[in-house]
Number of protein chains: 2
Amino acid sequence: MSDLTLPPQATQVGLAVDVAAFAMHAGELRVLLVQRGALPHARDWALPGGFVHPGEELHEAALRELRTETTVELEPRHLEQFFTFGEVNRDPRGRIVSVAHLAVLPHGTVEVSGGGHTLGAAWQSAHQPPPLAFDHRAILDRALGRLQLRLEYANLALEFLPDTFTLPELQGVYEAILNRKLDKRNFRKRLLSQGTLTPSGERRSGVGRPAQLYRRAKGTRTPAL
Amino acid sequence: MSDLTLPPQATQVGLAVDVAAFAMHAGELRVLLVQRGALPHARDWALPGGFVHPGEELHEAALRELRTETTVELEPRHLEQFFTFGEVNRDPRGRIVSVAHLAVLPHGTVEVSGGGHTLGAAWQSAHQPPPLAFDHRAILDRALGRLQLRLEYANLALEFLPDTFTLPELQGVYEAILNRKLDKRNFRKRLLSQGTLTPSGERRSGVGRPAQLYRRAKGTRTPAL
DNA sequence: GCAAAAGTGTTATGTGTACACCCATGC
DNA sequence: GCATGGGTGTACACATAACACTTTTGC
């Protein structure tokens, strides 16, 4: 760092963002993938992502890529940078540094189709993804780790669900993210004792005994980052 | 991402690293700062850092900046990327994205002097630093948070000490990092019960009763990242 | 013998975990 | 009435936090 112009050794690199966007589908944790339409790695699956535009903040770029590479209409409920992948040879086109983001999309975000220059987009199993382009498998693995860390800490599970939900549904989100079964009684005790849920008094019908509906207690929303 | 050449909207940005390097001095947690020798922010204190060279990995750049901006001879015991600062206007020279790193330097890393294009370097209070250039105060604050998180998790406290150390010294490291007092008996019980320390049988002399020396138990070293 | 720092146990409280049966509804 | 999923309580192990006095050394 020496004067008001960039010094010659200042590497100019391509700055990109990639987004690991998660949602629940059919009781399973899914990640949003796009099928690449161009080289390199044409037709391979990849995380949505692309280059940051001039004057664009990192999180804005992440949101834009979500919206244009896939037809996702809903706002992410959570968006957070979690690691920067900058290995010299991670991309055959040159030195490209990618700031990876973790996003949580709410329930109901079902329909996606390829937008922009991708062939398609789909929700796929987060724990058993198809082969991915570039180093995206490493990015996904790290995103899963971060998601599991954040789960308890920031009440992230609620962001996967609609405004009202049942305790078994909430437990399903925990189990899908942690990839293991939890004990029903201990789960209920823990969640209810932390006081972040209020019963909404109604019940939902289906097969078997109807479940109590809950909603997030007022003032328990955690800030985005 | 479209073909094997970078597309026109690919923002070329300056890629930098900054390093928050911590060590214990005089029973206090200190951070290594350099006094800038050039504009912008000439004469202000800043975290050591600078541009990544072509073909250089991020962590290599972090190590190089530590060695050339300050005369630090010792290897960091821990080096970890923790956040990427990319706000559009964080640097008056243009779009510069900085991948911030956390480093822990071992005991004995006492003498530093400015190297390269800095006026000087010094260990300063990590919890009450002087005013810092750019957004380095925000970087430092986040580094402190990460250091506190990692403390228990990865036995990071041992990296601040020489090979053998006393329990009161180790407790001092915890207290300096967490910025609060701990209970001596509970601390000893907790640390000894986790089985990562072995008594080295010797004793160190000074004022008051000599303390038992310990060393890290074999096979308890945690991987760098 | 006194100053200075090291070392030592018990109790109360909270938290995590394991575990099996009854309840309400739709068909 | 039966299949389906929802809802409930207790006991034990373990971790955490609070708390005060004795021991060893140098001078």
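Numbered from 1 within each chain, the chains take letters A, B, ... in sequence-line order.
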_So, does A/R209 get its side chain near the phosphate of D/dT4, meaning an N or O under 4.0 Å from OP1 or OP2?_
no
*Provide, to the nearest angstrom, the distance between the CG atom belonging to A/L213 and the P atom belonging to D/dG6.*
12 Å
_Between D/dA17 and B/R185, counting only base atoms on the nucleotide and side-chain atoms on the residue, is there a donor-acceptor pair under 3.5 Å?_
no
_Among C/dG16, D/dA20, C/dA6, the nucleotide that comes nearest once only the side chain of B/A211 is considered_ = C/dA6
*Looking only at heavy atoms, which two atoms of A/A121 and A/T70 are closest? And how far apart?*
CB-CG2, 3.7 Å
*When the distance from CZ of B/R190 to C1' of C/dT8 is rounded to whole Å, what number comes out?*
18 Å
_Interatomic distance where CD belongs to A/Q212 and P belongs to C/dT25 [whole Å]_ = 12 Å
*Can you tell me if the side-chain N/O atoms of A/S205 get under 4.0 Å from OP1 or OP2 in C/dG26?*
yes
*Given C/dG7, D/dT4, D/dA17, the nucleotide with the shortest approach to the side chain of A/V207*: D/dT4
*asked:* Can you work out whether A/D183 or B/P210 has the more 5'-proximal nearest nucleotide on DNA chain C?
replied: B/P210
*Measure from CG on B/L192 to P on C/dG9 and round the result to the nearest Å.*
12 Å
*A/L170 has an atom CG; how far is it from atom P of D/dG7, in whole Å?*
12 Å
_Measure CG/B/L167 against P/C/dA5 and give the value in whole Å, please._
17 Å
*When you measure from the centre of the six-membered ring of A/F82, is the NZ or CZ of A/R146 under 6.0 Å away and within 45° of the axis?*
no
*A/R188 vs D/dT8: side-chain N/O to OP1/OP2 distance below 4.0 Å*: yes
_Protein-nucleotide distance (A/R180, atom CZ; C/dG16, atom C1'), rounded to Å_ = 11 Å
*Mapping B/G206 and A/K184 to their closest nucleotides on DNA chain D, which lands nearer the 5' end?*
A/K184
_Atom pair distance, as rounded to whole Å: CZ in B/R204 and P in C/dG7_ = 11 Å
*Pick base, sugar-phosphate or nothing for A/T166, based on heavy-atom distances below 4.0 Å to the nucleic acid.*
nothing
_Ion pair B/K184/B/E175, N-O distance below 4.0 Å_ = no
*Are B/T196 and B/T220 linked by a side-chain donor-acceptor pair shorter than 3.5 Å?*
no
_N-O pairing of A/E152 and A/R190 below 4.0 Å_ = yes
_I want to confirm an ordering. Mapping A/Y214 and A/K189 to their closest nucleotides on DNA chain D, which one lands closer to the 5' end?_
A/Y214
